[in-house]
Amino acid sequence: MNYNFKKIEKKWRDWWKSNKTYSVTEDLTKKKFYVLDMFPYPSGSGLHVGHPLGYIASDIYARYKRLNGFNVLHPMGYDSFGLPAEQYAIQTGQHPNITTENNIKRYREQLDKIGFSFDWDREIRTSDPKYYKWTQWIFKQLFNSYYCSINDKACHISELIKEFEINGNKKVQSPCDGDTQLFDSKEWVNFNEKKQQEILLKYRLAYLSDTWVNWCPALGTVLANDEVKDGYSERGNFPVEQKKMRQWSLRITAYANRLLNGLNNIDWNSSIKEMQRNWIGKSKGALIKFKVAKNVNSVEVFTTRPDTIFGVSFMVIAPEHPIVHKITTKKQYQNVLDYCNDVSLKSERDRQSNNKNITGVFSGSYAIHPLTKKTIPIWIADYVIASYGSGAIMAVPCGDQRDWNFAKKFNLDIPNIFKNTDVSESANESLECTIINSDFLNNLNSRDAIKKSISTIEKLNIGTIKTNFRIRDAVFSRQRYWGEPFPVYYKDDTPYILNNNSCLQLPKINKYLPTKEGNPPLARAKKEDWNIFDGEKMEYNTMPGWAGSSWYFLRFMDPNNNYEFVAEEKVNYWGQVDLYMGGAEHAVGHLLYSRFWTHFLFDLGYLKFQEPFKKLINQGMILGRSNFVYRKTDTSEFVTYEKRHNYKTTKIHVDIGLVNNDILDVEKFTQWRPEFSNAKFILNDSGNYLCGFEIEKMSKSKYNTQSPDELIEKYGADTLRMYEMFLGPIEQYKPWDIKGINGVHNFLKKLWRLTHNEKNKLIVTDVNPTKEEYKSIHICIKKITQDLERFSFNTIVSHLMICLNELINQDCNKRKIITDYIILLSPYAPFICEEIWSSLGHSSSINDAKWPKFEEKYIKEDSINYPIAFNGKMRFTLNLNCKLSKKEIEEIIIKNPKTINYLNNNQLKKIIIVPNKIINIVF
RNA sequence: GCCCAGGUGGUGGAAUUGGUAGACACGCGGGACUUAAAAUCCCGUGGGCAGUAAUGUCCGUGCGGGUUCAAGUCCCGCCCUGGGUACCA
């Protein structure tokens, strides 16, 4: 008698494939249900145990919905453009397409083994020209659109041109670049082609602008934030600086309000919504103009606390602010220049997180306070970010902690404007206070003072009320090879959309590196290497990783359509994703961009819904244990963990495959990556290189992944599926550990033994179940159904175990009970259940069975075992009939000898009876 | 720094709406079967104190306060860990 999972799983894998058990088509007679996973990036290290966690959960839910009669769309594909394949191409010269193809093959094998109910006929790959043709198509729509704030939707650019021809842009209410000039219709008509295109570009939803990038001069390329460690490139250890570069951006800010309000209409957990709200960062405040003394310029500041305007004692502007050059005095020129150069080496995150080491420089100029007319010094400091608000602030040290810290450091005034509040030790950021020393705002509380200050500022014409968003337009180009090429060419330095409807394919190039001039790899392609070529040159940038993933859920509905990105009748049938399962690390990236594109396609009339994902579950990450080596800065020498503090070092991830018990295999390490081939090591006293470790996100870039393959080999996919669910709540983060997998494997073995004899023949009887047996299975039906509805996947495993233990104790292998039981189990362990189902005599798949119906009558009890507590502490239990009234219960309790004992002569104050829950005796 | 989570036995976790803290497993200890091992089955298992025992009793859900008849759960203030922070996806 043995549970031969290998044989069973192979058998049903093949059967499902040849019977197309999981393929699905539109069926108007059935209710649809769309279950989607965040599709993976197929990395070279294969699927790791963290990936299936979400896939298993959603697969269970998809199977559950199907058992309840729904037509379930449950597809899978690959987000197959990305950095690692390109990195590998740079190292080996192999085309990323080959790497990607191999990786996908491996992923598919791994996914197949786990027994997912994916409809593989719908597979898509973002790097497939048949797919990215439509990603390019959406880009074309964005390019050809502008946002009309009057209609509050995206419109075709031709409507804007019409308006320009009639009225110029004076009446236009549309988000556009800050430097857009005003013109009338006559001027418009007289502009030449280039000028007109230049102006239109300022309104398009896809537009060109100068944005900051991490530029690594030594590598001649732009680096991802991920690839920069402490101001140096992770690859090669070269200095990285901030540089402005002309790039495509998408005007997501035009949708800020709708993206914010749309959150109210979707069933996501509140923390993710909160993160998106904060990311969008809507804040109301005022834009106030400060004139610069002895200078023609003025500086606008954005503040959410105009009530504190009389507390201003200096002004701070961002080092990148264009006005810096205009207001810096001769005397301060060198200081300011040096400071701005220093800052350009720092990343934005460093600037924001580093609040211990406050830096700044005086510009030499003063601003005139618009109300008091006093002069205040203008400083330049990196804690002010150029891209937020107006890139300048009025500093109120008594009311803002960062301003306070800055004032302390540079010995600036801290005037107090708060009644009965001490600001000598820290700033007062609370709104619960009364304003003083503030002229017309005196004795108002902050909330009223905000209103009054704004109305006064507007009346005096020194500022305006302004709603500001923290969200910035999304930079949409990358200086990479392995991404979607833009369907764009240039003529006279002006970008134009390709008129050709075919896919613009990635051209072949000889090397995947940037050119000597610092142009992206695509600049290596000659004219004849492009399948379509127009104008003087093609766009050399490619689209970012999130382009393809921003709309893939739509393509799954109609993956092979060559005429449209999705057919109308199909998108109308499948509609929104009903359940979207994926990692919380995508909270603001992918999930926000997808929402943006869906809103946009809705505006264009292609979709009937604005929000892509109705219900979202964030599976908590499975965390991995990472190892680190410590590289001495500017060298290729590595210091053992114990001695790392003796040197200035950078912490670098090292593949856990090269490490055993935290000890590095030095030999393997030098062979791991070419740049480490001449690595030298400073070892510890035992002659070893000890690595540091951390528990963090399991990710290929952290080299800490673990594959599910061995576990499937050893225990089978059913066990893996159940174990991943049994680990804990789906939404919780948990470190990976295979202790305990035996428990669920034993459970499946026990089920096998209950239902099979020594010869592996099914043994079920047709005898009618007993009352107790009915009770066991119906409690199980109830709990599992309830828990599935609330996505509590881990507790279901426990309920299944409890029920099986009871059935074993009852020696129950009765057909009626076993049939219900394996249907309940089948979403979790589809292979073993399909096997038993077929042994029970069914010719169709268990997936087409009906979910058992819970019946109250089987679990009804006459009495309940009440816990009796004294002052909240449980002392004993008492079995009481359910029909008893509160008064009758009270009488029984008081008379009980145990009660008298526990009261111990104390005066009884009252008895609290919570029906069906607890009885508490207060004394 | 900022935003968002999480912290319960030796371990993963359970406790759905404020109502018996530790379900279900792992691990560990003891026993049965066996020449032996594996497999399987049975019993015990948060900590302290008292008792031969049944049992009794006190402590206990990161730390410090608070609300309540009753707090892992609600409120206030901390600490630690993880995720995101706009070019990893």
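Nothing here was measured: the structure is a model prediction, and the numbers come from that model. Lettering follows sequence order; numbering is per chain, from 1.
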>> Heavy atoms only, 4.0 Å cut-off, all strands: where does A:H586 land among base, sugar-phosphate and nothing?
In response: base
>> Can you classify the ring geometry of A:F613 versus A:F553 as parallel (below 30°), tilted (30 to 60°) or perpendicular (above 60°)?
In response: perpendicular
> Roughly, in whole Å, what's the span from CG in A:L748 to P in B:U40?
Replying inline: 13 Å
> Please give, in whole Å, the distance from B:U16 C1' to A:I730 CD1?
Replying inline: 18 Å
> Can you list every side-chain hydrogen bond (donor to acceptor under 3.5 Å, both in side chains) pair that touches residues 723-733 of chain A, not counting sequence neighbours?
Replying inline: A:N269-A:E731
> What is the distance from CE of A:M722 to C1' of B:G13, rounded to the nearest Å?
Replying inline: 15 Å
> Is the A:W597 ring parallel, tilted or perpendicular to the A:F476 ring (thresholds 30°, 60°)?
Replying inline: tilted
> Between atom CZ in A:F469 and atom C1' in B:C3, what is the gap in whole Å?
Replying inline: 18 Å
> Of all the nucleotides listed (B:A15, B:C87, B:A86), which has the minimum atom distance to the side chain of A:R790?
Replying inline: B:A15
> Mind checking whether A:Y552 and A:H590 have parallel, tilted or perpendicular rings, split at 30° and 60°?
Replying inline: tilted
>> Is there a side-chain contact (heavy atoms from CB on, under 4.5 Å) between A:W212 and A:K244? Walk through the geometry before answering.
In response: CA-CA 4 Å; A:W212 295 98; A:K244 266 203 169 171; 3.6 Å; yes
> How would you label the contact of A:E724 with the nucleic acid (heavy atoms, under 4.0 Å): base, sugar-phosphate, or nothing?
Replying inline: nothing
>> Looking only at the side chain of A:S798 (C-beta and beyond, no hydrogens), which of the listed nucleotides B:A23, B:G19, B:G27 gets closest?
In response: B:A23
> Is the number of heavy atoms from other residues, nucleotides or ligands under 6.0 Å of A:I889 CD1 greater than 12?
Replying inline: yes
> Is the base of B:G7 syn or anti, if syn means a glycosidic angle within 90° of 0?
Replying inline: anti
> Hey, does A:V744 reach any base, or is it just sugar-phosphate, or nothing, if we go heavy atoms under 4.0 Å?
Replying inline: nothing
> How do A:G589 and A:G728 order along RNA chain B: which one's closest nucleotide is nearer the 5' end?
Replying inline: A:G728
> B:U20 P sits how many Å from A:N916 CG, rounded?
Replying inline: 13 Å
>> Using a 4.0 Å heavy-atom cut-off, does A:Y383 contact any base of the nucleic acid, only the sugar-phosphate backbone, or nothing at all?
In response: nothing
> Can you check side-chain contact (heavy atoms from CB on, under 4.5 Å) on A:Y828 and A:I796, steps first, answer last?
Replying inline: CA-CA 9 Å; A:Y828 279 77; A:I796 291 173; 3.3 Å; yes
Side-chain donor/acceptor pairs under 3.5 Å, residues 783-791 of chain A, sequence neighbours excluded:
unit_1: A:T785; atom_1: OG1; unit_2: A:I781; atom_2: O; d: 2.6
unit_1: A:T785; atom_1: OG1; unit_2: A:W851; atom_2: NE1; d: 3.1
unit_1: A:D787; atom_1: OD1; unit_2: A:R790; atom_2: NE; d: 3.1
unit_1: A:D787; atom_1: OD1; unit_2: A:R790; atom_2: NH2; d: 3.1
unit_1: A:D787; atom_1: OD2; unit_2: A:T795; atom_2: OG1; d: 2.7
unit_1: A:D787; atom_1: OD2; unit_2: A:H799; atom_2: NE2; d: 2.9
unit_1: A:E789; atom_1: OE2; unit_2: A:Y64; atom_2: OH; d: 2.7

> What's the CH2-P distance between A:W268 and B:C4, to the nearest Å?
Replying inline: 17 Å
>> How many whole angstroms separate atom CG of A:D737 from atom C1' of B:G12?
In response: 8 Å
>> So, under a plain 3.5 Å distance rule, would you say the side chain of A:R480 forms a donor-acceptor pair with the base of B:C87?
In response: yes
> Between A:F870 and A:F876, what is the ring plane arrangement, given parallel below 30°, perpendicular above 60°, and tilted in between?
Replying inline: tilted
> Using the C1' atom in both, what is the distance from B:C63 to B:G72, to the nearest Å?
Replying inline: 15 Å
>> Taking any heavy-atom pair under 4.0 Å as a contact, classify A:K909: base, sugar-phosphate, or nothing.
In response: nothing
> Reckon A:E274 touches a base, only the sugar-phosphate, or nothing at all at heavy-atom distances under 4.0 Å?
Replying inline: sugar-phosphate
> How is A:K750 classified with respect to the nucleic acid when contacts are heavy atoms under 4.0 Å: base, sugar-phosphate, or nothing?
Replying inline: sugar-phosphate
>> Run the salt bridge (charged side-chain N to carboxylate O under 4.0 Å, His left out) test against A:K651 and tell me which residues pass, sequence neighbours left out.
In response: A:E694
>> Please classify the nucleic acid contact of A:Y902 as base, sugar-phosphate, or nothing, using heavy-atom distances under 4.0 Å.
In response: sugar-phosphate
> Pairing of RNA chain B as dot-bracket, 5' to 3': ( ) intra-strand, [ ] crossing, | other strand, . unpaired, with Watson-Crick or G-U pairs under 3.5 Å?
Replying inline: (((((((..(((......[....)))((((((.......))))))(((((....)))))..(((((..]....))))))))))))....
> Taking atom P in both B:A50 and B:A39, what distance in whole Å separates the two?
Replying inline: 39 Å
> Across the strands shown, which category fits A:N746 at heavy-atom distances under 4.0 angstrom: base, sugar-phosphate, nothing?
Replying inline: sugar-phosphate
> Ignoring hydrogens and angles, are the base of B:C87 and the side chain of A:Q479 linked by a donor-acceptor pair under 3.5 Å?
Replying inline: yes
> When the nearest nucleotide of RNA chain B is assigned to A:V222 and to A:I921 on a heavy-atom basis, which residue is associated with the more 5' position?
Replying inline: A:I921
>> Should the side chain of A:N278 and the base of B:C3 be counted as holding a donor-acceptor pair, with the cut-off at 3.5 Å?
In response: no
> Between B:C3 atom P and A:I272 atom CD1, what is the distance in whole Å?
Replying inline: 16 Å
> So which nucleotide from B:C24, B:A86, B:A39 ends up closest to the side chain of A:N805?
Replying inline: B:C24
> If we take the P atom in both B:C26 and B:U85, what is their distance in whole Å?
Replying inline: 39 Å
> If the P atom of B:G44 is compared with that of B:C24, how far apart are they to the nearest Å?
Replying inline: 12 Å
>> Please encode protein proximity along nucleotides 74-82 of chain B as a string of B, S and -, counting only heavy-atom distances under 4.0 Å.
In response: --------S
> Which residues pass the salt bridge (charged side-chain N to carboxylate O under 4.0 Å, His left out) test with A:E234, sequence neighbours left out?
Replying inline: A:K229
>> Taking B:G64 as the reference, what is the distance to B:A71 when you measure between their P atoms (whole Å, please)?
In response: 16 Å
> Across the strands shown, which category fits A:P729 at heavy-atom distances under 4.0 angstrom: base, sugar-phosphate, nothing?
Replying inline: sugar-phosphate
>> Considering every strand and a 4.0 Å limit on heavy-atom distances, what is the contact class for A:S549: base, sugar-phosphate, or nothing?
In response: nothing
>> Distance check, P atoms only: B:A23 and B:G9, in whole angstrom units.
In response: 13 Å
>> When the C1' atoms of B:C80 and B:G62 are compared, how many Å lie between them, rounded to an integer?
In response: 7 Å
> Quick one: which of A:Y88, A:W482, A:Y481 gives a ring pair (Phe, Tyr, Trp, His ring centres under 6.0 Å) with A:Y512?
Replying inline: A:Y481
>> I'd like to know if A:E234 reaches the base of B:C88 with its side chain such that a donor and an acceptor end up less than 3.5 angstrom apart.
In response: no
> How far does the P atom of B:A32 sit from the matching atom of B:A38, given to the nearest Å?
Replying inline: 15 Å
> Counting only side-chain N and O atoms of A:R470, is one of them less than 4.0 Å from OP1 or OP2 of B:A86?
Replying inline: no
>> For the residue pair A:Y131 / A:W551, report whether a side-chain donor-acceptor contact shorter than 3.5 Å exists.
In response: yes
> Counting any heavy atom closer than 4.0 Å, what does A:M275 reach on the DNA or RNA strands: base, sugar-phosphate only, or nothing?
Replying inline: base
> A:L83 near the nucleic acid: base, sugar-phosphate alone, or nothing, with a heavy-atom cut-off under 4.0 Å?
Replying inline: sugar-phosphate
